[in-house]
2 protein chains.
Amino acid sequence: MKHINIKDLALELNLSVSTVSKALNDSYEISEETKNRVLETAARLNYVPNPYASSLRGRKSKNIGVVIPEVADSFFSLAINGIESVAKTKGYHVLICLTHESFENERTILKEFQGGRVDGVLLSVSTETTQCDHINDLIANGLPLVFFDRACDEVETAKITTDDFESAYKATTHLIQQKADRIAFLSISKSLSISNKRLEGYLKALEDHDIKADQKYIIDCSNDAEQNYLLIKKLLQQKNKPNGIIASVEKLTTPIYTACKDLEMKVPEELKIVCFSNLEIATILNPSLTTITQPAFEMGKMAATLLFKALENRNFSLVKEDFMIQSALVVRDSSG
Amino acid sequence: MKHINIKDLALELNLSVSTVSKALNDSYEISEETKNRVLETAARLNYVPNPYASSLRGRKSKNIGVVIPEVADSFFSLAINGIESVAKTKGYHVLICLTHESFENERTILKEFQGGRVDGVLLSVSTETTQCDHINDLIANGLPLVFFDRACDEVETAKITTDDFESAYKATTHLIQQKADRIAFLSISKSLSISNKRLEGYLKALEDHDIKADQKYIIDCSNDAEQNYLLIKKLLQQKNKPNGIIASVEKLTTPIYTACKDLEMKVPEELKIVCFSNLEIATILNPSLTTITQPAFEMGKMAATLLFKALENRNFSLVKEDFMIQSALVVRDSSG
DNA sequence: AGCAATTACGAAAACGGTTTCGTAAATAAA
DNA sequence: TTTATTTACGAAACCGTTTTCGTAATTGCT
C-alpha cells in the first residue's frame with residue numbers, strides 16, 4: 001500500500017491540488033458539494049496529511065516542547081498529563097525531552113528547538129543549570145517559553161511555581177510544633193531556585209521559633225540514589241542526630257525510609273519526616289508519609305495555557321511574572 | 001533576532017545553497033577549507049537546520065513514536081528511558097503519545113502517524129484494545145512497529161514481552177508454598193494478552209497444586225482507582241476471603257494496601273501479597289512488597305533496537321516473533 | 001602535449017503541503 | 001441590457017532543506 005498524498009487525491013477527484021487543500025481546510029472558497037466529495041474520497045483512500053509539509057509552509061510546527069529532567073517522577077508525569085490535556089484541545093502535540101539533570105543535554109535540546117521543531121517551550125531546568133544563556137538565546141530567537149516548577153530567575157518570562165518558601169516554612173513549623181528541634185533539610189541543588197526557596201523557608205521558620213540553624217543539618221543530595229542513602233545514613237548516625245527531616249524532593253523518600261529501617265529508628269517517635277512529594281503511595285507507607293503535595297496537574301495545565309496565550313496572540317508577550325499556586329501540606333503519620 | 005536559514009547562510013558566505021548544505025552534511029564533494037568556513041559561520045550565526053524541511057525532502061522524520069497508556073507508571077517511565085537511550089545514539093527523537101487506556105485515542109494517534117510524523121512506532125496497547133485493524137493499517141502503510149509488553153497477537157510483527165505466564169506461575173506457586181490456598185487474582189483487562197497470560201499462569205499453578213480455581217477470586221479491575229478499592233475491599237470481606245492475592249498491575253498496590261489497612265488485615269499473616277510492579281518504593285512499604293519486577297529499561301531498549309534494525313535495513317523486515325525477557329520474582333515481606 | 005579523470009562547486013528539481021492571485025461563469029445591481 | 005460582484009476553482013509560488021546533474025578548473029596519465 002503506497003502512501004497517498006494530496007496530489008494523488010486531487011488526481012482521483014479530477015480537481016486541482018489547491019482546491020483539494022482548501023476543501024480539506026474547509027475554506028469558504030469551495031462549494032459544499034465539492035467539500036463533501038473531497039472529504040469522502042480522502043476518508044476512502046485513507047489520506048493523512050503530512051504534518052511537516054504543512055509546518056514548512058505555515059511556518060509553525062503545531063508542537064510544543066516540554067523539557068524536564070526526568071519522567072520517572074510523579075510530579076513531572078502528572079504535569080505532563082496537565083500539559084497534554086490543554087495541548088490536545090489546541091490541536092497541538094507534545095514533544096517530551098529529558099535532560100536527565102544534565103546541563104549539557106538541556107542546552108543541546110533547546111538549541112535544536114531553534115530549528116523550528118516546536119513553536120513554544122515549557123521548561124523545568126536541570127539541577128546542573130546555573131546560567132541561562134541557552135534559554136535567553138531561545139527566547140531571543142522568537143520562541144515563547146514558560147517555566148514550570150524549576151525556573152531561572154534571570155530569564156524574562158513567566159513561570160508557574162508553587163509557594164516553595166511558604167510550604168517549606170509551614171512544614172518546618174509543623175515539625176517544630178510536633179516537638180522536633182533538630183530538623184535536617186535535604187536539598188537537591190545549590191543553584192535551583194526552588195531548592196533555595198525551600199531552604200529559605202526552612203531557615204526562616206527556624207529563626208522565627210528561635211532555633212539556631214546548623215550547617216550540619218543541611219545536606220546537599222546528588223542524583224545518585226546509593227550516594228544519597230549513604231549521606232542520609234551518615235546524617236542519622238551522628239551525635240545530636242536530627243529528630244526531624246524535610247526532604248525537598250520526592251526521590252529521597254526511599255533512601256530516608258530505608259536508612260530509618262536499617263538504623264532501626266522509630267518514625268515518628270525518634271524522627272519526624274516530611275517530603276515534597278506527589279507520590280500516591282505516600283498514604284500506604286508505614287508510617288504514612290506527611291507530604292507537601294504540589295498541584296502538578298494544575299501547574300502543567302496552567303503553564304500550557306499561558307504558553308498558548310502567547311502563541312495565539314502575537315501582541316501578547318510573556319513578561320516576567322510568577323504565577324504561584326499553593327501546595328498542600330498533607331499531615332500523615334510520619335510527622336505525627 | 002531573525003531566524004537564520006540556509007539561504008541566509010549561503011548569502012553570507014558567498015556560496016550556493018547546495019554547497020552549504022553539502023558542507024554541513026560533510027559531503028566528499030566539498031573541500032576541507034570550505035567545510036571549515038561553513039561550519040564556522042554556521043556556528044557564529046547560530047544556524048540550526050529546520051528538521052521538517054529535511055524530513056520533507058529526505059522522506060523521513062527522524063522521529064519514532066512511542067504509544068503508551070500512561071506515563072505515570074513506573075514500567076512505562078523506565079521503558080521510555082530505555083527507548084530514549086537507543087534513540088539518542090541513532091540521532092532520533094522520541095515522540096511520546098498517551099492513550100490514557102482509550103482505544104479511540106490509540107486509533108487516532110496511529111492514524112495521525114501515517115502522515116509521516118514518525119518513521120516507526122513502539123506500541124503498548126490500551127486495555128480497551130480488542131481488535132487491531134488500526135495497527136495493521138499502520139503496518140500496511142509501511143511503518144514498522146514493534147510491540148512492547150502489551151501486544152496484539154493478531155498482528156504480524158515482533159514483540160518484546162516478559163514471561164508473563166511463567167512469572168504468574170512462579171508467583172502463585174510461591175504463595176502456595178507459603179501456605180496460601182485461597183489465592184485471588186486481580187486482572188486489568190479481559191482482552192489484554194499479558195493479562196490473560198498472567199491469568200493462565202495463575203490457573204496452571206493452582207491446577208498443578210490441586211487447588212480448584214474459583215471464579216469469585218478472579219477480579220476484573222478497572223481504570224478507576226476508587227472503584228478498584230471498593231472491589232478489593234469487597235473481595236477481602238466475603239466469607240472464605242482469600243489469604244493470598246496476586247495483582248497483575250502496579251496501580252493496584254495502593255488500593256490493596258489501603259483496603260488491608262482499613263479492614264485491619266494482617267499482612268502477610270492473614271493475606272499474602274504479590275504485585276507485578278516496578279515501583280522502587282516496594283522496598284519501603286510496610287510490609288515490604290513482594291514483586292514481579294519486569295526489566296522495563298531493558299525491554300524499552302530492546303524494542304527500540306529492533307525497530308531501528310528495521311528502519312536501517314530496508315531488507316530486514318519485522319516478522320511475528322516474540323522476544324521474551326525474564327521478569328524477576330523478588331520475594332519480600334508481604335508474602336513472607 | 002593531449003586526453004581522461006577528478007575535484008569543487010552551482011542551478012534547479014524535488015519533498016507535500018498552503019496561499020496568493022488570476023479568471024471564467026454565474027448572479028446581482030443599475 | 002450592461003456593468004459590478006460573487007462564486008468556485010486552477011496555476012504557480014513558496015516554505016527550507018537535500019539531491020541530482022551539469023560543468024569549469026585542476027590534476028593525472030601516457
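Protein chains get the first letters and strands the later ones, always in sequence-line order, with residue 1 at the start of each.
- Here dA8(C) presents its C1' atom at 16 Å from CG of N14(B), a figure rounded to the nearest Å.
- Residue S55(A) has no polar side-chain atom (N or O) positioned under 4.0 Å from OP1 or OP2 of dG17(C).
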For nucleotides 17-20 of chain D, tabulate all protein N/O to nucleotide N/O atom pairs closer than 3.5 Å, reporting atom names and distance.
from: dT17(D); atom 1: OP1; to: Y47(B); atom 2: OH; distance (Å): 3.3
from: dT17(D); atom 1: OP1; to: N50(B); atom 2: N; distance (Å): 3.2
from: dT17(D); atom 1: OP2; to: I6(B); atom 2: N; distance (Å): 2.7
from: dT17(D); atom 1: O5'; to: Y47(B); atom 2: OH; distance (Å): 3.2
from: dT17(D); atom 1: O3'; to: S54(B); atom 2: OG; distance (Å): 3.4
from: dT18(D); atom 1: OP1; to: N25(B); atom 2: ND2; distance (Å): 3.4
from: dT18(D); atom 1: OP2; to: S21(B); atom 2: OG; distance (Å): 2.6
from: dT18(D); atom 1: OP2; to: N25(B); atom 2: ND2; distance (Å): 3.3
from: dT18(D); atom 1: O2; to: R57(B); atom 2: NH1; distance (Å): 2.9
from: dT19(D); atom 1: O4'; to: R57(B); atom 2: NH2; distance (Å): 3.2
from: dT20(D); atom 1: O4; to: K22(B); atom 2: NZ; distance (Å): 3.4

Return a table of donor-acceptor pairs under 3.5 angstrom between the side chains of residues 301-309 of chain A and protein atoms on other chains or two or more places apart.
from: T305(A); atom 1: OG1; to: K301(A); atom 2: O; distance (Å): 2.6

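- dG17(C) atom P lies 13 Å from atom OH of Y52(A), rounded to whole Å.
- Ion pairing of R150(A) with E101(A) is present here, as a side-chain N (NZ or NE/NH1/NH2) and a carboxylate O approach within less than 4.0 Å.
- At whole-Å resolution of the value, CG in L9(A) and C1' in dT18(C) are 15 Å apart.
- Between the P atom of dT19(C) and the CD1 atom of I30(A) lies a distance of 13 Å, rounded to the nearest Å.
- Look at NZ on K62(A): it is 11 Å from P on dT18(C), rounded to the nearest Å.
- In this model, a donor atom of one side chain and an acceptor atom of the other lie less than 3.5 Å apart for N46(B) and Q114(A).
- Atom CZ of R37(B) and atom P of dA8(C) are 14 Å apart (whole Å).
- Between E40(B) and R37(B) there is no salt bridge, since none of the side-chain N atoms of the basic residue sits less than 4.0 Å from a carboxylate O of the acidic one.
- If you take CD of E32(B) and P of dT7(C), they are 13 Å apart, rounded to a whole angstrom.
- Atom CZ in R117(B) sits about 16 Å away from atom P in dG16(C), given to the nearest Å.
- Ranked by how close their nearest DNA chain D nucleotide is to the 5' end, V20(A) and L56(A) are led by V20(A).
- A donor-acceptor pair shorter than 3.5 Å can be found between the side chains of D149(B) and Q294(B).
- A salt bridge is defined here as a Lys NZ or Arg NE, NH1 or NH2 lying under 4.0 Å from an Asp or Glu carboxylate O, and D153(B) with K159(B) meets this definition.
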